[in-house]
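Scroll down for the structure; my scribbles are underneath it.
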Amino acid sequence: MTTLLATERIKLFTTRSPWWSALLALGLTIGMAVMVALNHGGNNPLRVEHSQFGIQFGLMIITVMAALAITTEYRFATIRTTFQAVPNRSGVLLAKCVVVAVLAGVLGEIAAFGSWAVARMIDSSPELAISTGDDLRMVAGAGLVFALAAVLSVAVGVLVRQSAGALSILLIWPLLVENLVALIPNVGRDIQDWMPFINAGRFLNPVPEAPQSPWGSLLYFAGVTAALLIAALVVANKRDA
Amino acid sequence: MSLVSAERIKLFSTRSPWACGLLAIALPVAFTALLAAQAGGDLEIDIGATQLTAGLGRSVVLVLAALAVTSEYRFGTIRSTFQAVPNRSAALLAKALVVAGLTGVIGACVGFGCWAMFRLIKPNAGLALDSGQDWRTVAGQALVFALAALLALGVGILVRQTAGAVALLLVYSLLVESLVTLIPKVGQDIQHWLPFFAADRFIGVGRDNGAREVVDLPLTPWGYLLYFAVIALAVLTAGIFSATRRDA
Amino acid sequence: MRATIGRMIEASGLTKRYGRTVAVDNLSFTVGEGRVTGFLGPNGAGKSTTMRMILGLDRPTSGDVLLDGKHYRNLHQPLRTVGALLDAKWVHPNRSARAHLRWLAASNKLPTSRVDEVLDLVGLTSVAKKNAGGFSLGMSQRLGIAAALLGDPQVLLFDEPVNGLDPEGILWIRRFMHQLAENGRTVFVSSHLLSEMAQTAQDLVVIGRGKLIYQGTVEDFIAHATETTVLVRSPQLDALAELLRIGGGTVAPDTGTPPGLRVSGMDSAEIGELAAANGIVLHELNPQVGSLEQAFMQLTGDAVEYHTHEEASSA
């Protein structure tokens, strides 16, 4: 397994896209925190959640990066070389998930704490201190959400095998479809309670009407991710490379 | 005209425009059916409510338009194109015309399809098109889709890379424009000048993501369409300009 | 006689820089009308870049290249004047061969009937409706040639047309070039294989590292490049090399075993006498028979062993 991890690590970091993505994810997320903190004023004090407004930028870009990590292998046919070198396809794909998830998790932590830190530098209001368990989960939890989203993206990438398709699904689904669902009269809100990215968001930013606890929401997101990953592994093992 | 027919053959001889086109129409219309089926009988519905899901179609059209040019770069056919038509501006304008035509038709299908679907399911909801504003909301999708496609084409020419162009277009249109409003004080004012917000105001859904009422707008609906058109054409022009200067 | 031949392609001072790398360096050459001109150089010498500049795809950093006196960009319906095959894989994999040709034809107002003609000409009629992505390299190459012939142009450009083809494919392309030449078309064909050029070309433009090395007929090239090359082996190689240089010869090391020298500018008699007069033992004194490969190797200063090897395995 360590060899597989090393292989996937080398593969990921020897192309440009992860570097680009990391830079963009951090820049946009933290940049948003700067914008919010600079323009904040009036009677509402700046709170921890305000510093995290940009976290979805980071999340979406990491999603793109993770999906590309696998779809580019299909595009350039390196997936064949990979499966030729290591016929254990599940091993290969799991190793890729681990590497991508670790990178995403680290970037999530940097993005979240970075955003909080710059907000804190700009505005020293005491409300910005991480004082409650909720505050801590909101900031430190970003890494978990990023890591799971990365694995979900790799799974979708394996299933779709195609950059344009995978990215369209991974961006249109959380950003549009999950919101449109709420517009369905009567049942919309109930359906939305079971949307994966909505749950991921509620882990960081709980809403009182949610049926699950914050950790329950995360667990649900992890469950959806696991289901997609299993589907991806089954398909990858059955399919011709 | 020969350039236009070359681009037409090119666009329709691969699968992805067909797949994207069908999805762009089917997704919003099907979703509208869901909305309409669940809507209560006493619900007061305006025409704008039939167009809530059009954004799904528009997002797919952004992908379609970007792919129309990025796949040429990916497979190297852009070189054959420029070899056959050394006047690159003309070649790309012909492509823009074809893409705009196709996406305009898709937009019309989405606009009228969603409206018809709603009306079919809720025949008593008073959904007749009886004002100019009603027509603008439904038929206007054709214009918005076509202009959005031109913008996406411009981005595709500039970026030349499918993943980059698609990510940029979707993240921008679906996320950036709504996150901007979270910036205190200036967020709302900035939002009033963002291109996709402008497109939505022309359609006149009247609400921001169906939630908040939008007020105090600087432009009229047609003013907003013009504004969206200027931005879309500016991006397209930038794309064409860079393509004429770059090595193919 | 050569003065009467029109100049179909005329490059003057053509230069292309990518950052600090100079891909094409002040290159000037002409391609005669109605002749087959080989464009030779080792891999990476700048052949493809030059071809792209001829076709207006890449912008020269400086210099100019004209087709029949015009810039490619100013040609009206250029496919009727110039046909080109630069890369056979420049097709959309999900588009059928026929559709690929159909859009090209439409862009230059060529009739659709011409599409079927060229498909027939290259023998792809039976797979015309199949997606180009599933084609073998040989079939892709034929499709590329069909595209080049679409406008029935007087000038044809081919970039490494036999690269990677099987013997049958190579033979087919070779025959095709002959046919084009017999029809009086101007053909400019690049290759890194000299022997390939000997089969088809009358004229040669040879480049190395982006610079012009030779322009003229194939016969002159062989004569010019190999007339005075002599292979010498001696246990006193260094002393001999020194002597030869003083005596006015040009000396290049030969990497055979045992190592030797390739001497030009002196014939074998002169070298033998010089060695005898200075008491140097010679193990071998061998005037080299002129061959394209050697001439090429000598002029481009680039090892082509693996090229000849490739040629041997594919012929």
Side-chain angles (χ1 to χ4, degrees), chain B residues 1-21 64 66-99 102 156-157 160 162 240-248, chain C residues 16 18 23 49 51-61 67 70-110 112 115 129 131-133 143-144 147-148 150-151 157:
Chain B
M1 224 36 227
S2 59
L3 299 187
V4 172
S5 67
E7 290 299 330
R8 185 178 46 75
I9 296 169
K10 220 191 281 180
L11 192 65
F12 290 112
S13 57
T14 62
R15 264 178 323 182
S16 79
W18 291 99
C20 286
L64 182 158
L67 277 176
V69 64
T70 55
S71 64
E72 284 227 45
Y73 278 102
R74 168 170 171 190
F75 297 117
T77 51
I78 194 75
R79 299 197 183 92
S80 313
T81 301
F82 290 159
Q83 189 190 317
V85 187
N87 181 349
R88 297 182 185 182
S89 309
L92 292 171
L93 280 174
K95 187 185 284 296
L97 215 61
V98 171
V99 167
L102 170 66
I157 300 171
R160 282 187 286 182
T162 303
I240 292 176
F241 181 73
S242 82
T244 55
R245 306 195 53 94
R246 261 183 329 219
D247 289 342
Chain C
K16 181 71 185 176
Y18 297 103
T49 308
M51 290 218 162
R52 283 204 302 272
M53 287 193 284
I54 295 174
L55 294 169
L57 293 174
D58 287 9
R59 212 174 264 274
T61 311
L67 284 149
K70 286 190 195 123
H71 280 122
Y72 188 88
R73 280 176 187 232
N74 297 331
L75 292 175
H76 179 64
Q77 299 180 343
L79 298 186
R80 293 173 188 269
T81 313
V82 186
L85 166 59
L86 293 198
D87 187 330
K89 283 290 166 197
W90 287 348
V91 290
H92 194 297
N94 292 331
R95 188 178 284 134
S96 74
R98 190 161 184 280
H100 176 71
L101 296 176
R102 253 180 4 101
W103 76 256
L104 273 174
S107 70
N108 277 237
K109 288 204 174 108
L110 299 162
T112 313
V115 168
K129 296 245 163 65
N131 283 353
L143 178 58
L150 206 52
L157 267 62

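Residue numbers start from 1 in every chain, and the chains themselves are labelled A, B, ... in the order their sequence lines are given, proteins ahead of strands.
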- B/Arg74 CZ to C/His92 NE2 distance, which is reported to the nearest 0.5 Å: 8.0 Å
- At their closest point, which heavy atom of C/Tyr72 faces which heavy atom of B/Phe82, and how far apart are they? CE2-O, 4.4 Å
- Query: Using non-hydrogen atoms only, which part of B/Arg88 is less than 4.5 Å away from chain C: side chain, backbone, both, or neither?
  - Reply: side chain
- Drop me the distance from B/Ser13's OG to C/His100's NE2, to the nearest 0.5 angstrom. 10.0 Å
- Message: Is C/Ala105 in contact with chain B via its backbone, its side chain, both, or neither, using a 4.5 Å heavy-atom distance?
- Response: neither
- Nearest-0.5 Å distance, CZ of residue C/Arg95 to OG1 of residue B/Thr77: 6.0 Å
- Item | Residues B/Arg79, C/Asp87: salt bridge by 4.0 Å N-O rule | no
- Task: Could you check which of C/Asn131, C/Val91, C/Asn74, C/Leu104 has the highest count of heavy-atom pairs closer than 4.5 Å to chain B?
- Result: C/Val91
- Message: Quick check: closest heavy atoms across C/Arg102 and B/Ile9, and the distance to 0.1 Å?
- Response: O-CD1, 3.7 Å
- Message: Heavy-atom pairs under 4.5 Å with chain C: which of B/Ala248, B/Ala94, B/Ala84 has the most?
- Response: B/Ala84
- Task: May I ask you to name which of B/Thr244, B/Asn87, B/Val4 has the most heavy-atom pairs under 4.5 Å with chain C?
- Result: B/Thr244
- Query: CZ of C/Arg73: more than 12 outside heavy atoms within 6.0 angstrom?
  - Reply: yes
- Proximal component of B/Thr81, with respect to chain C [non-hydrogen, under 4.5 Å]: both
- Most contacts with chain B, counted as non-hydrogen pairs under 4.5 angstrom, among C/Pro93, C/Gly56, C/Ser96: C/Pro93
- Taking every non-hydrogen atom, the tightest pair across C/Ala106 and B/Ser5: CB-OG, 3.6 Å
- Do you know which of C/Ala84, C/Ala99, C/Gly151, C/Pro78 has the most heavy-atom pairs with chain B at a distance under 4.5 angstrom? C/Pro78
- Item | B/Gln83 side, atom CD; C/Leu85 side, atom CG - distance, nearest 0.5 Å | 9.0 Å
- For C/Lys89, does the NZ atom have more than 12 heavy-atom neighbours from other residues, nucleotides or ligands under 6.0 Å away? yes
